[in-house]
Amino acid sequence: MSFRTARVDQVKRGAGFTAALDAMSQFWAYSPFNQWLIRMQLPDATHVAGRRTWERLGRKTRPGARPIVIVAPAANLRPPFVAVPVFDVSQTRGRRLPSVDMALRGPSDAAQGLERAAASLGVRVERFDGRPGLQGFSTGGTIHLRRRMPGRQRAATIAHELAHEILHTMRSRGDTTHAQVETEADATSYIVMRALGLPSKAPAYIAWHGGSGALVLRSLKRVQRAARRILRAYDRPTPKSPTCS
Ligand SMILES: [Zn+2]
């Protein structure tokens, strides 16, 4: 089973893709302190921007919406910071935000098998409550999965995070880019999903994270090795060695 690299570049050429990228580029990358301020004021915020940015995107703030206040460096440093009002997408209305569909719907039993595979590879699986924007993440030895995901999405997420865990241990150099790390993880997830007879949205995911067909090709050996390890662990009936937790 291999990856159809042309799909990634095909996604990128699609009309909707550039529109979605342009829309996403409008959202300011907030500092950790401002992210904390946003989280404190509106825990469920997903896309935060100023009134003018929302207007550029064809949306208006709802009447009576209470702004989230963040801080920005002042022009004349006296005072050094000024308060800036911003709004979450839920506080606005208007034109639909363009987006790339990366969600997998529908049930599957494969997730259970992949969780067992994780255990057999010595990786713990934990759950967290969170917003649909974040499906999972891995923290060296543990993968964290959002509660309440459709079976197929859960399977793809476990494969993706497990790939991060495996590829991390396979990595020897520290100069890998975000695009490459995400490309390798989702290309691995793609191979695992397809081998299990399940669909995958990896081409869209990889394109979204700045990857390309060429990047997939360059990483193909590592990706195939990682996928093979996951699939072997999936077929293994019992953990190779008992794990303590
Ligand atoms: Zn990832």
Side-chain angles (χ1 to χ4, degrees), residues 3 5 7-8 11-12 17 20-21 24 27 29 32 35 46-47 99-104 110-111 114-115 117-118 121-196 198-231 233-234:
F3 194 95
T5 54
R7 276 291 296 142
V8 177
V11 169
K12 283 182 148 180
F17 185 73
L21 262 191
M24 286 308 118
F27 296 100
Q35 285 177 28
T46 56
H47 293 93
S99 64
V100 178
D101 183 15
M102 291 182 280
L104 282 171
L114 284 166
E115 278 200 40
L121 289 165
V123 175
R124 289 165 53 122
V125 179
E126 283 178 5
R127 303 272 195 271
F128 69 93
D129 290 301
R131 298 164 300 127
L134 180 66
Q135 316 292 5
F137 56 97
S138 74
T139 51
T142 307
I143 63 180
H144 307 259
L145 295 178
R146 190 168 67 81
R147 264 183 246 276
R148 290 184 293 277
M149 266 190 277
R152 285 175 177 178
Q153 183 68 62
R154 183 182 309 284
T157 306
I158 299 172
H160 177 102
E161 299 306 333
L162 217 41
H164 275 313
E165 291 286 335
I166 292 169
L167 289 163
H168 184 72
T169 60
M170 278 162 60
R171 185 160 298 134
S172 53
R173 20 176 248 285
D175 60 346
T176 6
T177 62
H178 171 77
Q180 190 177 345
V181 168
E182 290 309 314
T183 294
E184 292 181 357
D186 230 50
T188 305
S189 172
Y190 178 94
I191 294 176
V192 170
M193 292 292 281
R194 301 303 291 137
L196 298 177
L198 292 166
S200 167
K201 290 277 175 79
Y205 183 92
I206 290 168
W208 184 249
H209 285 267
S212 61
L215 199 52
V216 174
L217 275 183
R218 218 177 308 152
S219 300
L220 209 51
K221 272 216 181 86
R222 290 160 50 75
V223 163
Q224 281 168 332
R225 266 208 309 268
R228 214 174 301 135
R229 276 189 67 183
I230 295 172
L231 287 166
Y234 183 90

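In listed order, ligands and their atoms are each counted from 1. These numbers were taken from a predicted model, which means no experiment stands behind them.
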Inset, instruction - Decide if the gap between the ring center of Phe137 and the ring center of His144 is smaller than 6.0 angstrom. - result: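 Here the rings of His144 and Phe137 have centres that are less than 6.0 Å from each other.
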Inset, instruction - If the plane angle is over 60° it's perpendicular, under 30° parallel, otherwise tilted; pick one for His178 and His209. - result: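 The arrangement is tilted - the two ring planes meet at 30° to 60°.
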Inset, instruction - Could you grab the protein N, O or S atoms closer than 2.8 Å to the Zn ion (ligand 1) for me? - result: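 Less than 2.8 Å away from the Zn ion (ligand 1) sit His160 NE2, His164 NE2, Glu182 OE1, Glu182 OE2.
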Legend entry - Salt bridge present between Arg146 and Asp129 (N-O < 4.0 angstrom): no
Inset, instruction - Go through the side-chain N and O atoms of His164 and Glu182 and say whether any donor and acceptor fall under 3.5 Å apart. - result: yes
Legend entry - Donor-acceptor pair, side chain of Glu165 and main chain of Gly141, under 3.5 angstrom: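 Here the side-chain-to-backbone pair exists.
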Legend entry - Contacts of Ser219 that satisfy side chain to side chain donor-acceptor pair (under 3.5 Å) - sequence neighbours left out: Glu184
